[in-house]
Amino acid sequence: MKFVCIECDEPMKFAKNDGLDDDGSLSVNFICPSCEWGVTLLTNPQETQMVRSLGVKIGGSTVPPKPMEMLQTHLAGQRTGSQEVAEQEPASGSACPFSALVQDVYQEAEAPAALLWSAEATERLQRVPEFIRPMARKGIETFAREQGVAEITPNVMEAAREHMGM
Amino acid sequence: MPKRYRDITGDGGSNVAGQVSAQAERLKARMAGVRHAIAVMSGKGGVGKSAITANLAAYFAREGWRVGVVDADINGPSIAKMLGVRGHSLSLDAGGVFPALGPLDIRVISMDLFLKEDQTPVVWDGPQAETFVWRGTMEMHTLREFLADVHWGELDILLIDLPPGTDRLATLNDLLPDLHGSVVVTIPSAVSQLIVSKSITMARDLLRTPVIGLVENMTAYVCPTCGTTHPLFAPTPQAETLTGVPLLGRVPFDPRMALAGDKGVPFILEDAASPAAQALAQVGEGVLNFVNSGSPVS
């Protein structure tokens, strides 16, 4: 989606957003860099969602998407076990006014990024008694986030265990 | 002359076209390890596509082939149950998700493996009014991720179980233009044949993808006591005559086949000597001949 100032015949630039409304609609302002004439783009919730459903990294990306990223990011009611597959990539900088804005507002609205669990770490977690497994998982993930670790490995689990004095 | 869309290079930074191209490249790279990708389809629902898929997978696995199955029915997934992998906990590494392993190490991916409970439907985060605007796009990209983001490894055959709908093969063909062919499942009813014929036209004449052959499912009821067969439907013209597509086999209805599916065991493995299992093996043999020769079944 591109906007052109009729008077100046110049591509318009993103100026500011008024954020995502409760229903998912957006309000976005654009300004002509030459004459500073402005327009506001209003999208309905379906139009906003349509951009998200294209399976692309809105706002651009310098790294490839994570496996099953779109499914994991957008599917409601997922199995706890399948959370192992989830990870959401941090937003990268973008000059695209509309798509970058959609990305930004959803970044604000969504939960913190899920962490990647390696196959070895997943297997090791399965050996934890079931009744304390959720607590162990939460503790390990909290530790990993504090340490800025993106992927849980057996080494991270060991460090978390020592950190928690277990 | 005022500027038009094409006069402005780029899209301001998202590079959506580049990302879509990268998606296609990623899918192509993953599929490089797959010798044959075959769709199992039917325009009509309830004709037994998934049961045929599960048993075809078992046939090829029994032949020593490395087999993968994609359950492309995003909203009504049944392959995970039929291949006994429900409840499997998925894991991943940076390169992809590891598929569940079914009987004879059949590799399986299905939306069922992602849903929380039996009753959980597929619901996407987003505005819940007028979801038709974007829901189909979500489903297509989910199928793309099933194909591109799973550690399929080296496969001799990948079977893709399509949901009902004459448009489904077109979607798959957009993702996998090198699809090797499709198996069409029908039942001997006029209604089914009417709809299935549209799917065949779509596949053969519009998409120009090879139709390997027809499977006529539930052709007759086999009495488990005396072994005699009784028709389940009123006589109809031969499906292969109507459609011009070769017949791979006629699979009789056997209640034990449904029970085996419920248990997660392909019937072809459970009772190989039964008429239904033998018919399924004949279907498998037809597909095998096709993929080995690269030409339609005659």
Side-chain angles (χ1 to χ4, degrees), chain A residues 1-2 4 6 9-11 13-14 23-25 44-50 52-61 64-82 84-85 87 93-100 103 110 116-119 121-123 126 151, chain B residues 1-5 7-8 10-20 22-23 26 87-98 109 111 113-117 120-142 144-146 148-151:
Chain A
M1 188 176 290
K2 302 165 184 177
V4 175
I6 295 174
D9 200 25
E10 284 287 325
K13 302 292 184 189
F14 166 72
D23 64 354
S25 58
N44 67 35
Q46 284 72 31
E47 289 165 340
T48 312
Q49 182 69 10
M50 191 67 199
R52 302 179 74 206
S53 67
L54 290 172
V56 296
K57 178 61 71 180
I58 304 298
S61 177
K66 300 295 183 215
M68 302 279 181
E69 184 169 300
M70 199 211 67
L71 188 155
Q72 291 288 332
T73 305
H74 298 305
L75 180 66
Q78 294 176 46
R79 279 179 51 196
T80 306
S82 67
E84 293 152 14
V85 185
E87 180 174 7
S94 168
C96 175
F98 177 63
S99 57
Q103 173 76 347
E110 287 169 354
L116 192 70
W117 282 71
S118 72
T122 301
E123 186 184 339
Q126 291 302 315
E151 181 175 357
Chain B
M1 181 80 175
K3 281 192 174 66
R4 307 292 296 190
Y5 188 89
D7 297 328
I8 302 171
D11 60 6
S14 282
N15 190 23
V16 168
Q19 289 187 66
V20 171
Q23 287 175 356
R26 184 167 164 150
H88 174 92
S89 188
L90 292 168
S91 59
L92 88 167
D93 63 14
V97 175
F98 293 91
I109 196 72
M111 184 59 103
L113 300 171
F114 293 86
L115 298 174
K116 197 170 185 178
E117 296 171 348
T120 307
V122 174
V123 177
W124 302 102
D125 287 334
Q128 293 306 305
E130 300 175 36
T131 58
F132 63 86
V133 174
W134 50 265
R135 192 178 176 88
T137 312
M138 282 287 199
E139 291 168 4
M140 191 191 87
H141 283 291
T142 300
R144 177 185 57 76
E145 289 188 336
F146 281 179
D149 290 351
V150 171
H151 280 296

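Within every chain, numbering begins at 1; the chains are lettered A, B, ... in the order of the sequence lines, protein sequences first and strands thereafter. Since the model is a prediction, treat every value here as computed from it, not as a measurement.
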Any donor-acceptor pair under 3.5 Å linking the side chain of [X] with the backbone of [Y]?
X: Asp125(B); Y: Leu75(A); answer: no
X: Gln46(A); Y: Phe132(B); answer: no
X: Asp9(A); Y: Lys3(B); answer: yes

With heavy-atom distances below 4.5 Å as the criterion, would you say the side chains of [X] and [Y] are in contact?
X: Ile8(B); Y: Glu10(A); answer: no
X: Gln72(A); Y: Glu145(B); answer: no
X: Met70(A); Y: Thr142(B); answer: yes

> Just how far is it from atom CH2 of Trp134(B) to atom CD of Gln49(A), taken to the nearest 0.5 Å?
Replying inline: 4.5 Å

> Quick one: CD on Glu123(A) to OG on Ser89(B), what's the gap to the nearest 0.5 Å?
Replying inline: 11.5 Å

Answer with side chain, backbone, both or neither: which region of [X] has an atom nearer than 4.5 Å to a non-hydrogen atom of chain A?
X: Met111(B); value: side chain
X: Arg26(B); value: side chain
X: Thr120(B); value: side chain

> Which is it for Phe114(B) and Met68(A) under the side chain to side chain contact (heavy atoms under 4.5 Å, CB included) test, yes or no, and what are the steps along the way?
Replying inline: CA-CA 11 Å; Phe114(B) 293 86; Met68(A) 302 279 181; 4.2 Å; yes

> Closest approach of Gly95(B) and Pro67(A), non-hydrogen atoms and distance?
Replying inline: C-CG, 4.0 Å

>> Walk me through whether Leu71(A) and Phe146(B) qualify under side chain to side chain contact (heavy atoms under 4.5 Å, CB included).
In response: CA-CA 9 Å; Leu71(A) 188 155; Phe146(B) 281 179; 3.6 Å; yes

